[in-house]
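Written out below as structure tokens is the structure these notes cover.
Every chain is numbered from 1, with letters handed out A, B, ... down the list of sequences. Predicted model only: the values in this text are computed from it and were never measured.
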2 protein chains.
Amino acid sequence: MKTPIKKFRKYIDDNNLQVTRQRIDIAGVFLESRRHLSVDELYELLRNRGISAGRATVFRTLKLLNKSGVADEVDQGDKVTRYEVKTEDTHHDHLVCTVCDSYIEVYSSQIEEMQEKLCAEHGFKPSSHRLDIFGICLKCSKKKGNKKCI
Amino acid sequence: MKTPIKKFRKYIDDNNLQVTRQRIDIAGVFLESRRHLSVDELYELLRNRGISAGRATVFRTLKLLNKSGVADEVDQGDKVTRYEVKTEDTHHDHLVCTVCDSYIEVYSSQIEEMQEKLCAEHGFKPSSHRLDIFGICLKCSKKKGNKKCI
DNA sequence: TTTTCATTTGAATATGAATTTCAATTTCAT
DNA sequence: ATGAAATTGAAATTCATATTCAAATGAAAA
């Protein structure tokens, strides 16, 4: 099992790209963070840690991480593309809270199987899918106000 | 059971809006079409039929149709918001072909049930969801070239 | 019908995220 | 160290979405 950072370095090698300070810094902070991050969010996170990197570089590095198979794109339906660290284990779906924007990652092999069956019935060859359930998380449904759930 | 156009008119009435030529024309063409339409696509469709309406009006009318409960937003993951006529029957998921951009609407009550269960396990109150499976449709997988499937 | 007042329209403009440009800088191999 | 090639990042561009505002239209009153 290869670590994300090794995967990233391998991709860089294989494609005759260079290992630069920015790429290492950006990948490092991204991989540590266990959140869904947009370009701007990651850019700010880097700034807060005193790491200098331009937005364009953050943007390009996230694309690179995605192509390396280290990062997955996630679309929370708000027109902003975010990325998450691709887990070694299976694909997962999301329960997205519309009050606090937090999310829970879930996985159901039964649902996956159903999907396979559904595709087969239509002669459709699936390559990826996305299941997002929007609603209200436990914390928020217990609260009165509209404060963020952290 | 109310027809979509009546629903739309009721919404207009209830909100002290006006029934205008443009709104009727735009809603008419949208409801006839059985496709997913973006603002620009619907705008072009209208032009082709010799119906004059500005992009801004098409944009606003689609929002209005959405609020009326006549149109649903669909996100094909390509950063363009499209709308589809909301069906009377249950919600459906999509098998989206990444070669020709066509899609098949599918529905599986079993998958829906699984989703409910999954949410319940996490104390999550679902309000909506989105399941899109991306892959290659039957027609495209039979073809050599990359021509559109229509 | 004519006046009055609010709503609607649509061309133009603004917004904002995604993406690209390009000159300056950095990296790597020699 | 040198030079070719890749990278960086500020600024510009693109493109869909959203808003502005003056002119047009609609509805209600006179």
Please step through salt bridge (Lys or Arg N to Asp or Glu O under 4.0 Å) for the pair B/Glu73 and B/Arg82, ending with a clear verdict.
CA-CA 6 Å; B/Glu73 276 193 7; B/Arg82 273 167 242 269; over 6 Å; no
Tell me, with the steps shown, if B/Thr81 and A/Lys79 meet side chain to side chain donor-acceptor pair (under 3.5 Å).
CA-CA 9 Å; B/Thr81 302; A/Lys79 304 286 168 206; 2.4 Å; yes
Could you walk me through whether A/Arg21 and A/Asp25 pass salt bridge (Lys or Arg N to Asp or Glu O under 4.0 Å), step by step?
CA-CA 6 Å; A/Arg21 200 214 80 228; A/Asp25 285 353; 3.1 Å; yes
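Transitive grouping of hydrophobic side chains (ILVMFWY, heavy atoms separated by less than 4.5 Å) keeps A/Tyr103 and B/Leu118 in distinct clusters.
Scanning residues 42-53 of chain A for heavy-atom distances under 4.0 Å to DNA chain C yields an empty list. Within residues 54-71 of chain A, the residues that place at least one heavy atom under 4.0 Å from DNA chain C are, in residue-number order, A/Ala56, A/Phe59, A/Arg60, A/Lys63. Against DNA chain D, the stretch residues 13-37 of chain A makes heavy-atom approaches under 4.0 Å through A/Leu17, A/Gln18, A/Thr20, A/Gln22, A/Arg23.
Comment: A/Asp14 engages A/Lys10 in a salt bridge, judged by a side-chain N to carboxylate O separation of less than 4.0 angstrom. A salt bridge links A/Arg49 with A/Glu32: the closest approach of a Lys/Arg side-chain nitrogen to an acidic carboxylate oxygen falls below 4.0 angstrom.
Regarding contacts with the backbone of D/dT17, a side-chain N or O of B/Thr81 is found under 4.0 angstrom from either OP1 or OP2.
In this structure, A/Phe134 has its ring center at least 6.0 angstrom away from the ring center of B/His129.
Formation of a donor-acceptor pair under 3.5 Å by the A/Thr98 side chain with backbone atoms of A/Gly135 is found in this model.
A straight line from CD1 of B/Ile12 to P of D/dA27 spans 11 Å, rounded to a whole angstrom.
Taking the 5' to 3' direction, DNA chain C first and last meets chain A under 4.0 angstrom from a heavy atom at C/dA17 to C/dC28.
Residues satisfying the side-chain hydrogen bond (donor to acceptor under 3.5 Å, both in side chains) criterion with B/Asn66, sequence neighbours excluded, are absent altogether. B/Asn15 is linked by a side-chain contact (heavy atoms from CB on, under 4.5 Å) to B/Tyr11, B/Leu17, counting only residues two or more places apart in sequence or in another chain.
Contact record, B/Phe124 with A/Val96: CZ-O, 3.3 Å, taken as the closest heavy-atom pair.
A 4.5 Å side-chain heavy-atom check between A/Arg23 and A/Leu64 finds at least one atom pair inside the cut-off.
Residue A/Arg9 places its CZ atom among 12 or fewer non-hydrogen atoms of other residues, nucleotides or ligands, all under 6.0 Å distant.
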